[in-house]
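Below is one structure; the comments refer to it alone.
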Amino acid sequence: MSVPSLSRRAILGAIAAAAFAPAIAPAFAQDAPVRIGYAIARTGPWSAGAQVTQEPNYIMWAEQVNARGGLSVKGKKRMVELVAVDDRSDMETVVRSYERLMGSDKVDLILPPWGTGANFAVMPLAQKHGYPMLSPTATGRKLLGMKNPYFFALLQQPDRMMDALAEFLAARGAKTAAVIYVDELFGLEQFAGLEASLKQKNIQLVEKKSYPIGVKDLQPVLNDIKSKNPDAFIALSYPPDTFLITGQSRAIGFNPKLFYTAVGTAFPVYRDKFGPVAEGVMGLGTWNPKSSAATKAYFDAHVARWKKEPDRWASAHAWAGLQILEQAVAKAGVDRKALRDTIANSEFDTIIGKIRFRNGENISTPGAVSQWQSGEFEVVWPPQNATGPAYYPKPAWK
Amino acid sequence: MSRFTLRDSILATLLAALVLSAMPWLMSDFALALTLTCLMYAGLAVSWAMFCGATNYLSLATAAFFGMGAYVTAWGAETLAYGLAVLLGGLAAAVFAALVGAAVLHLRGAYFAVITFGLGELVRHGITYYEKAYAGTVGRVISDPPETVTIYHTVLLLTALAVVTALAVRASRLGLALRGIGSDEERARTLGVDTRRAKVLAFSLSAFFPGALGAAMAMRWTYIDPLSVFNPFIGFQTVLIAMVGGAHTILGPIASSVLFSLLTEYLRLQFPYLFLVILGLLLILLVLYLPGGLASLLDRWRWGKSRA
Amino acid sequence: MAFWFELVATGLITGGIYALVALGLNLQYGLMRIMNISHGEFLMLGAYLTWLGHTVLQVNPILFLPVVALALFALGVVVYWLCFRRIIRTAPAVEVIEARSLLVGFGLLFLVQNAAYLAWGADLRGYSFLTEAVDVGGARFQVNRLVVFAFAVGASLLLLAVLRWTLIGKAVRAMMQSPTGAQLVGIDTRFLHPVVFGLGLAMAGVAGALLSMVYEISPGMGEPYTVTALIVIVLGGLGSALGSLLGGFLLGLVETFGMHYTSPSLKMLLSYAVLIGVLLARPKGLFAR
């Protein structure tokens with residue numbers, strides 16, 4: 001995946017897909033194509049996440065649907081046309097782009113932008129214009145607290161993910177834990193969830209520290225935590241820090257029974273960079289190609305299309321969101337009010353299992369814990385979703 | 001603009017504002033959003049040029065003022081009326097600028113640029129830390145934001161006010177003092193100008209508008225967090241627009257913000273992958289072959305006309 | 001004792017990189033008044049070149065350093081000819097050079113950063129290189145960080161030596177002190193300017209190459225380093241090469257000690273507080289004459 005000529009081809013492919021999207025729709029299709037709009041970060045700080053987890057799935061889905069003869073709209077097949085722009089990782093550009101898509105272009109459907117903040121910014125517009133949004137990369141109780149009837153969050157919410165982690169720790173008899181978390185809404189909400197879950201399971205929190213995003217060195221902090229010798233070390237981290245924390249923990253020989261880093265651990269680049277060092281590291285994950293035949297098919301299609309693997313957490317949620325949209329449109333068509341009601345009140349089959357929403361929250365997908373084992377991010381908790389047994393205690397750093 | 005009197009210019013500004021105020025009922029949502037972006041940058045660039053253009057000081061504090069205003073809105077959203085929040089946002093930035101200005105306005109050139117940028121970052125990290133430690137959050141939700149039309153009219157009003165203020169400052173003794181500082185600060189001082197007072201006053205005045213604009217614009221984003229409202233790019237872009245337009249003028253930055261916003265948007269929609277590369281190239285060519293900025297085009301055109 | 005040693009060493013390692021990034025920028029500013037805001041983008045190019053060399057050509061990143069330095073030097077000469085030569089020739093005053101070069105720098109920033117997004121995509125990239133740890137004086141360090149430190153300080157000292165003892169270095173220092181005087185004694189700026197600009201980019205490229213051995217890389221990675229470099233050169237004094245070196249170390253130490261004795265969350269707050277404190281006490285930086 002790290003061969004650059006291939007990745008460049010992928011980008012060029014994406015350019016072609018976006019620029020010639022209308023041309024993909026064959027001329028013999030009788031009905032006008034279903035126009036689906038979105039703005040997403042192709043440049044700037046949000047793009048690293050958006051281009052791993054989100055946009056590749058959007059494009060691949062549109063291509064697959066069109067290859068199947070189009071999107072089934074209440075029994076009629078219509079081609080999909082993506083209307084896509086770069087939001088430059090800028091909030092005002094996000095708002096302006098969706099105002100254009102919904103208010104001026106009047107596209108049939110929208111797909112959400114990347115990240116919690118941008119989703120917040122689009123939510124009022126979605127409600128005003130009545131566009132349902134199925135968001136794969138927005139997390140936080142605050143989002144759901146908006147009680148926006150058009151907003152649906154696919155990710156497991158922080159308390160759910162952290163409950164699963166605490167349950168795992170309790171089942172394995174861990175007594176103490178140390179936590180560091182990033183100074184962002186994500187870190188704070190995950191930490192709040194984790195603190196409550198650990199307390200409930202009587203696991204003692206021996207250290208909690210926060211750090212700013214973009215930190216370049218955490219060795220002193222990690223040394224300090226190492227000296228407290230906790231059973232579990234949990235870093236509620238963002239991608240660059242996830243790599244930093246792993247590398248430096250190994251360097252100082254800090255090898256607790258459970259070593260957990262958050263966002264980025266499920267990215268294939270984590271394994272590619274660390275190789276055998278990743279063995280036994282746990283993190284936010286939900287699925288892998290072994291979870292089911294459907295995830296295997298998705299995984300293979302993604303690798304074939306993009307020459308790179310999808311991440312083992314939110315990529316599947318992004319795909320599940322598209323599957324839900326497809327199923328709901330088949331039933332309710334592109335009448336968006338009916339579509340919203342269908343999404344809100346039905347159960348859907350997706351690659352991460354059945355999904356049903358209550359007040360905009362995905363209440364079907366359980367929280368999960370995954371662990372790198374011989375090059376695959378195995379789901380190790382909860383038992384009914386596990387693809388393999390957990391290594392606990394974590395093996396020594398390689 | 002020398003042939004227009006101050007009163008003519010102010011009347012022209014108010015007339016333009018009046019015409020623009022009808023746009024929400026004439027334009028599509030998107031065209032309105034685009035006009036809003038143009039107005040926001042016009043307001044930011046004109047107020048930046050008000051101080052920096054005349055004095056040749058390079059301030060990078062715009063993002064700090066903008067973010068401070070936004071946070072006043074975020075903190076006051078539950079308790080303050082919208083108009084009051086915007087006013088307080090502007091005042092907070094102005095007071096901050098006065099305090100800071102008194103401390104750092106003896107620095108010049110790159111030192112001043114870097115310290116103003118540093119102060120902005122200091123405020124951003126300070127707010128992040130305060131919010132986390134005492135409010136238990138880093139982002140704030142605006143639960144009941146005003147309508148887009150209201151925000152549009154606020155931004156229009158603020159921008160018009162910025163232009164009128166810039167015109168008035170330029171025609172005043174303060175403007176004279178600032179230009180004196182710009183051409184030779186030592187000489188201005190020996191001629192009896194209280195340079196420190198003039199600088200602090202003008203710096204503070206020029207900070208009011210980005211503060212108030214930040215307070216108004218952030219309402220559109222529902223969710224306010226330090227990274228998005230203290231976005232250094234807003235500050236950089238403002239400097240860029242003002243300088244490309246010609247920072248010693250008022251019309252230059254306005255023309256440049258319209259051109260820049262429209263061009264960026266056009267390129268973004270036409271060339272979704274290449275647009276920033278094209279923009280960078282255009283910018284370099286513009287500086288190399290039109291070094292005096294857009295204002296110099298205007299001068300050239302006027303000169304040609306007066307000769308004819 | 002080992003604990004103190006580790007804290008100081010960690011700070012110096014961070015500071016060494018800061019110094020290297022800042023030196024290149026300071027050289028360009030000191031000599032030509034070019035405030036190259038796109039400095040970090042060239043650092044990013046150096047990082048990507050090294051990553052390509054390592055993953056595609058399987059070349060050891062350390063052996064690849066001279067290639068990166070040469071490539072960026074050549075690029076620097078070209079960029080100077082295309083973008084900055086005209087500005088320096090036509091600008092009536094140094095303030096004008098500063099302002100116009102800042103704008104061109106913004107243009108280059110857009111251009112280079114987004115060309116990188118097109119070429120390599122937005123994904124984080126990285127490779128493992130010398131990640132094993134060693135004991136030094138009772139403290140543990142990753143070997144790659146030590147390598148980075150050694151090369152960053154080595155390159156910085158090399159530059160200082162060149163400036164101090166070679167003919168071209170003397171010419172550069174003469175130019176920094178008095179541009180017209182230097183021209184009078186026959187220093188050829190048409191030769192010196194592109195060479196020094198290229199040297200600045202070569203330093204940025206080497207810094208990027210070194211960083212890629214430790215951190216993940218992405219097209220947007222350069223911007224924060226530009227900001228840090230600006231802080232360092234202002235701390236140390238514009239045009240003072242030694243100042244940049246010491247300023248870099250100072251900032252690294254402040255960050256490390258600050259993080260340990262207060263909270264990691266206060267790290268940035270402390271760095272900026274130190275910057276502002278220094279500038280208030282010494283308006284021309286710590287080491288300006």
Side-chain angles (χ1 to χ4, degrees), chain A residues 11-12 14-15 18-19 39-40 42-45 83-106 115-125 128-129 140 142-143 145-148 181-189 192 210 212-214, chain B residues 27-37 40-41 66 70 121 124-125 128-129 131-133 135-148 151 217-229 231 233-234 237 261 264-265 267-277 279:
Chain A
I11 289 287
L12 292 177
I15 295 175
I40 204 152
R42 288 168 184 159
T43 55
V83 182
V85 287
D86 181 5
D87 66 27
R88 304 177 60 189
S89 306
D90 172 60
M91 213 54 103
E92 180 58 24
T93 308
V94 171
V95 174
R96 191 168 65 237
S97 301
Y98 280 91
E99 276 177 342
R100 177 184 164 92
L101 291 167
M102 298 176 189
S104 300
D105 287 357
K106 304 206 183 330
T116 305
N119 273 277
F120 260 123
V122 175
M123 278 164 78
L125 290 171
K128 179 180 159 199
H129 295 279
K142 275 195 177 171
L143 276 164
M146 303 282 287
K147 300 203 190 325
N148 184 320
Y181 57 100
V182 62
D183 278 336
E184 292 284 312
L185 183 66
F186 168 82
L188 285 149
E189 285 222 358
S210 67
I213 191 157
Chain B
M27 280 179 164
S28 71
D29 286 8
F30 171 63
L32 193 69
L34 202 51
T35 315
L36 185 61
T37 302
M40 173 181 107
Y41 277 112
F66 190 91
E121 292 291 284
R124 169 161 81 89
H125 289 289
T128 307
Y129 187 75
E131 288 280 84
K132 192 181 63 80
T137 180
V138 280
R140 294 208 169 226
V141 178
I142 310 272
S143 46
D144 188 20
E147 291 288 312
T148 306
I151 295 175
M217 286 302 284
M219 293 278 191
R220 270 167 69 73
W221 306 340
T222 313
Y223 177 71
I224 290 180
D225 77 343
L227 270 180
S228 51
V229 296
N231 185 354
F233 235 75
I234 295 175
Q237 212 141 291
S261 306
T264 310
E265 195 66 9
L267 292 174
R268 188 172 74 93
L269 299 174
Q270 290 303 310
F271 307 96
Y273 286 87
L274 268 177
F275 72 104
L276 284 170
V277 173
L279 200 67

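Convention: sequence-line order gives letters A, B, ...; per-chain numbering from 1.
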Inset, instruction - Applying side chain to side chain contact (heavy atoms under 4.5 Å, CB included), run through A:Arg96 and B:Leu36 and close with a yes or a no. - result: CA-CA 10 Å; A:Arg96 191 168 65 237; B:Leu36 185 61; over 6 Å; no
Inset, instruction - Calculate, to the nearest 0.5 Å, the distance between atoms CG and CG belonging to B:Leu267 and A:Asp86 respectively. - result: 12.5 Å
Legend entry - Check ion pair A:Glu99-B:Arg220 (N to O, under 4.0 angstrom): yes
Inset, instruction - Tell me, out of A:Val85, A:Leu188, A:Val94, A:Thr43, who's got the most heavy-atom pairs with chain B below 4.5 Å. - result: A:Leu188
Legend entry - Structural part of A:Met91 lying under 4.5 Å from a heavy atom of chain B: both
Legend entry - Atom CZ of B:Phe30: over 12 foreign heavy atoms under 6.0 Å: yes
Legend entry - A:Met146 vs B:Val141 side-chain heavy atoms within contact, under 4.5 Å: yes
Inset, instruction - Measure the CZ-CD1 distance between A:Phe120 and B:Ile224 for me, rounded to the nearest 0.5 Å. - result: 11.5 Å
Legend entry - Top of B:Thr128, B:Asn231, B:Thr37, B:Leu32 for chain A proximity - count of heavy-atom pairs under 4.5 angstrom: B:Thr37
Inset, instruction - Using non-hydrogen atoms and a 4.5 Å limit, figure out which bit of A:Leu185 sits close to chain B: side chain, backbone, both or neither. - result: both
Legend entry - Which atoms of A:Thr116 approach chain B - backbone, side chain, both or neither, heavy atom under 4.5 Å: neither
Legend entry - Top of A:Ala121, A:Ser210, A:Pro212, A:Gly187 for chain B proximity - count of heavy-atom pairs under 4.5 angstrom: A:Ala121
Legend entry - Under 4.5 Å from a heavy atom of chain B, the part of A:Asn148 involved: neither
Inset, instruction - Would you mind reporting whether A:Met102 and B:Asp29 have side-chain heavy atoms less than 4.5 Å apart? - result: no
Inset, instruction - With A:Arg42 as the cation and B:Tyr273 as the aromatic partner, state whether NZ or CZ is under 6.0 Å from the six-membered ring centre and within 45° of the axis. - result: yes
Legend entry - Value rounded to 0.5 Å, distance of CZ in B:Phe275 from CZ in A:Arg88: 5.5 Å
Legend entry - Nearest non-hydrogen partners of B:Ser28 and A:Ser104, listed with the distance: OG-OG, 3.3 Å
Inset, instruction - Could you tell me which portion of B:Phe233 (side chain, backbone, both or neither) has an atom closer than 4.5 angstrom to a non-hydrogen atom of chain A? - result: side chain
Legend entry - Per-residue contact mode, B:Glu131 against chain A (heavy atom under 4.5 angstrom): neither
Legend entry - Side chain B:Lys132, main chain A:Glu184, donor-acceptor under 3.5 Å: no
Legend entry - Donor + acceptor pair across side chains of B:Arg268, A:Ser97 (<3.5 Å): yes
Inset, instruction - Measure B:Leu227 against the heavy atoms of chain A and call it side chain, backbone, both or neither at under 4.5 Å. - result: side chain
